[in-house]
Amino acid sequence: MFDSLDTAIIAAMQVELTLTEEPYQKIAQSLGISQEELLTRLQGYRNDGKIRKLGAVLRHRKVGFSANALCAWIIPMERLDEVGIRLAAEPYISHCYARESHPDWPYNLYTMLHAHSRAECEASAQELSRLTGITDYVLLYSHKEWKKTSMRYFSENGR
Amino acid sequence: MLTDFDRQLLNLAQTGLALSPRPYVELARKLNSDEQTVIARLAWLKEQGYIRHIGAFFDSTQLGYIGTLVAVKVRPECLEKVAQSINSYPGVTHNYEREGEYNLWFTLLTPNLTSQQQALATVRELDGVEKLLSMPATKKYKVNVSFKL
């Protein structure tokens, strides 16, 4: 699946790309390979889905999405895919996952909902509820961000 | 304040950087601008806090990692200490205090199930932790952190 160069490249790519003319060159140098080889491997990871995104991630609060809620839904199993795909199509939903539920916590579909205000969040959830006919949901607003970071794969302390 | 150029740049920079030796030249071309302007503006946007990270984002499942979303019910007076203990795990990428019975929610990525179980067992034993639910994903319909500005 991976050779040792793959894991070294993936570990090296956890750093930020520098804002310099040739940002990949420095990473290739640190790995002792040519820039061309690095770019070819990265292209391969992008094609097979190991890299899901290469670019900038924004601080959503800073760019105006000040109300962000995790919305959890209870979906009958036979409608899970249909509703999951429908909710995923909304541009203000960034993540949509089906998850295992528990007897005292029956929510099985989770969407991250982004809006400019709580009222807008609530209106969106109501509208989605109306569209899908799913009435059991809960909006979980965050009070405080204790941690938000990117994963460091294949790094020593990531294991 | 963001200019129209900044918004266009942020929209483009989110959707993808080219895998070519001069990726900022390619961004500049799409914006009818030049490499130095794009680099300088991205540096400013980072400095001002609009951009959290520029780089590669990997699919954890494709790399062989397993993940879960964990909801914890913590006694309020213990919340800060519990949150900090959870933060010390490198595989914890998000940790939020939320409204409701389960007041702390975090995501955990580990290279295998054994290390996930060990981490969760340790969290369960922390002072003030009353309940813990682990909810691994069974299907991902959308994993997209792009915002249209």
Side-chain angles (χ1 to χ4, degrees), chain A residues 10 13 15-17 19-25 35 39 42-43 46 48-60 62-63 65 70 84-85 87-88 91 93-102 105 110 114 138 140-153 157-159, chain B residues 10 13-17 19-24 35 39 42-43 46 49-60 62-65 69 71 83-84 86-87 90-100 102 105-106 109 111 133 135-145 147-149:
Chain A
I10 292 166
M13 286 298 293
V15 301
E16 294 225 39
L17 282 186
L19 291 166
T20 53
E21 289 171 1
E22 297 193 318
Y24 302 108
Q25 180 60 36
Q35 174 167 252
L39 290 172
L42 292 176
Q43 192 68 61
R46 190 141 83 169
D48 68 16
K50 286 189 186 74
I51 288 183
R52 61 177 168 82
K53 171 171 176 152
L54 181 71
V57 162
L58 309 187
R59 286 204 172 81
H60 49 242
K62 178 85 182 174
V63 295
F65 295 91
L70 179 63
I85 291 164
L87 296 187
I93 284 179
S94 63
H95 295 73
C96 179
Y97 292 8
R99 293 186 177 277
E100 282 179 20
S101 57
H102 291 262
W105 186 261
Y110 290 78
H114 305 273
V138 60
L140 301 159
Y141 291 101
S142 60
H143 270 310
K144 189 172 166 70
E145 181 179 289
W146 288 99
K147 187 176 188 182
K148 182 166 185 184
T149 180
S150 301
M151 182 59 182
R152 305 185 77 85
Y153 298 101
N157 61 0
R159 287 205 154 251
Chain B
L10 286 173
Q14 283 183 87
T15 43
L17 276 183
L19 281 168
S20 65
R22 305 279 288 267
Y24 305 116
E35 187 182 33
I39 288 177
L42 286 173
K46 251 187 82 170
Y50 292 101
I51 295 176
R52 183 161 67 84
H53 186 95
I54 301 178
F57 294 84
F58 291 90
D59 182 306
S60 54
Q62 293 282 339
L63 296 188
Y65 280 70
L69 173 69
Q84 281 161 356
I86 291 169
N87 282 356
V92 170
T93 54
H94 298 66
N95 188 9
Y96 285 91
E97 191 174 326
R98 296 190 184 278
E99 290 172 13
Y102 292 90
W105 294 68
F106 67 93
L109 283 172
L133 299 174
M135 295 167 284
T138 51
K139 200 153 182 182
K140 297 183 180 181
Y141 298 104
K142 189 177 195 180
V143 192
N144 178 8
V145 282
F147 288 94
K148 179 96 171 63
L149 300 184

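Model, not experiment: these values are computed from the prediction. In what follows, every chain begins at residue 1, and chains take the letters A, B, ... in the order their sequences are listed.
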Which bit of B:Ser60 is near chain A, if near means a heavy-atom gap under 4.5 Å: side chain, backbone, both or neither? both

Are the side chains of B:Arg98 and A:His143 in contact, using a 4.5 Å heavy-atom criterion? no

A side-chain contact here means heavy atoms from C-beta on lying under 4.5 Å apart; do A:Gln35 and B:Pro21 qualify? yes

Rounded to the nearest 0.5 Å, how far does CG of B:Leu17 lie from NZ of A:Lys53? 9.5 Å

Contact class of A:Ser101 relative to chain B, heavy atoms under 4.5 angstrom: neither

To the nearest 0.5 angstrom, please state how far the NE2 atom of A:His60 sits from the CZ atom of B:Arg52. 8.5 Å

Atom CE of A:Met151 and atom CZ of B:Phe58: how far apart are they, to the nearest 0.5 Å? 12.0 Å

Provide the closest heavy-atom pair for A:Lys147 versus B:Val92 in the form atom of the first, atom of the second, distance. NZ-O, 3.0 Å

Per-residue tally against chain A (heavy atom, under 4.5 Å) across B:Gly16, B:Pro23, B:Ala43 peaks at B:Pro23

By a 4.5 Å heavy-atom criterion (distance strictly below it), what part of A:Val15 contacts chain B: side chain, backbone, both, or neither? backbone

Using non-hydrogen atoms only, which part of A:Tyr24 is less than 4.5 Å away from chain B: side chain, backbone, both, or neither? side chain

Report yes or no: does B:Thr138 contribute a side-chain atom to a donor-acceptor pair with the main-chain N or O of A:Glu100 at less than 3.5 Å? no

Rounded to the nearest 0.5 Å, how far apart are CE of B:Met135 and OH of A:Tyr110? 4.0 Å

Positive for ring pair (Phe, Tyr, Trp, His ring centres under 6.0 Å) with B:Trp105, one of A:Trp105, A:Tyr141, A:Trp146: A:Trp105

Under the ring pair (Phe, Tyr, Trp, His ring centres under 6.0 Å) rule, collect the residues that match up with B:Tyr96, sequence neighbours excluded. none

Does any heavy atom of chain A fall under 4.5 Å from the side chain of B:Phe106, the backbone, both, or neither of them? neither

Reported CG-to-CG distance for the pair B:Asp59 and A:Asp48, which is rounded to 0.5 angstrom: 9.5 Å

Okay, side chain of A:Lys62, backbone of B:Gly49: is any donor-acceptor separation there less than 3.5 Å? no

Based on non-hydrogen pairs under 4.5 Å, which of A:Glu22, A:Glu21, A:Met13 is most in contact with chain B? A:Glu21

Between B:Leu133 and A:His102, what is the shortest heavy-atom contact and its length? CD2-CG, 3.6 Å

Quick one: what part of B:Tyr24 sits under 4.5 Å from any heavy atom of chain A, side chain, backbone, both or neither? side chain

Shorter than 4.5 Å, heavy atoms on both sides: which option in B:Ile51, B:Leu69, B:Ile39, B:Leu19 has the most such pairs with chain A? B:Leu19

Turns out that what part of A:Gln25 lies under 4.5 Å from chain B's heavy atoms comes down to neither

For B:His53, what residues pass the ring pair (Phe, Tyr, Trp, His ring centres under 6.0 Å) criterion, not counting sequence neighbours? B:Phe57

Atom of A:Leu17, atom of B:Gly55 and distance for their closest heavy-atom approach: CG-CA, 4.1 Å

Which one wins on heavy-atom pair count under 4.5 Å against chain B: A:Ile93, A:Ile10, A:Leu87? A:Ile10

Counting C-beta onward and ignoring hydrogens, is there a side-chain heavy-atom pair between A:His95 and B:Lys140 closer than 4.5 Å? no

Min side-chain heavy-atom separation A:Ile85-B:Tyr141 under 4.5 Å: yes

Just verifying a value: how many Å separate A:Leu70 CG and B:Glu99 CD, rounded to the nearest 0.5 Å? 12.0 Å

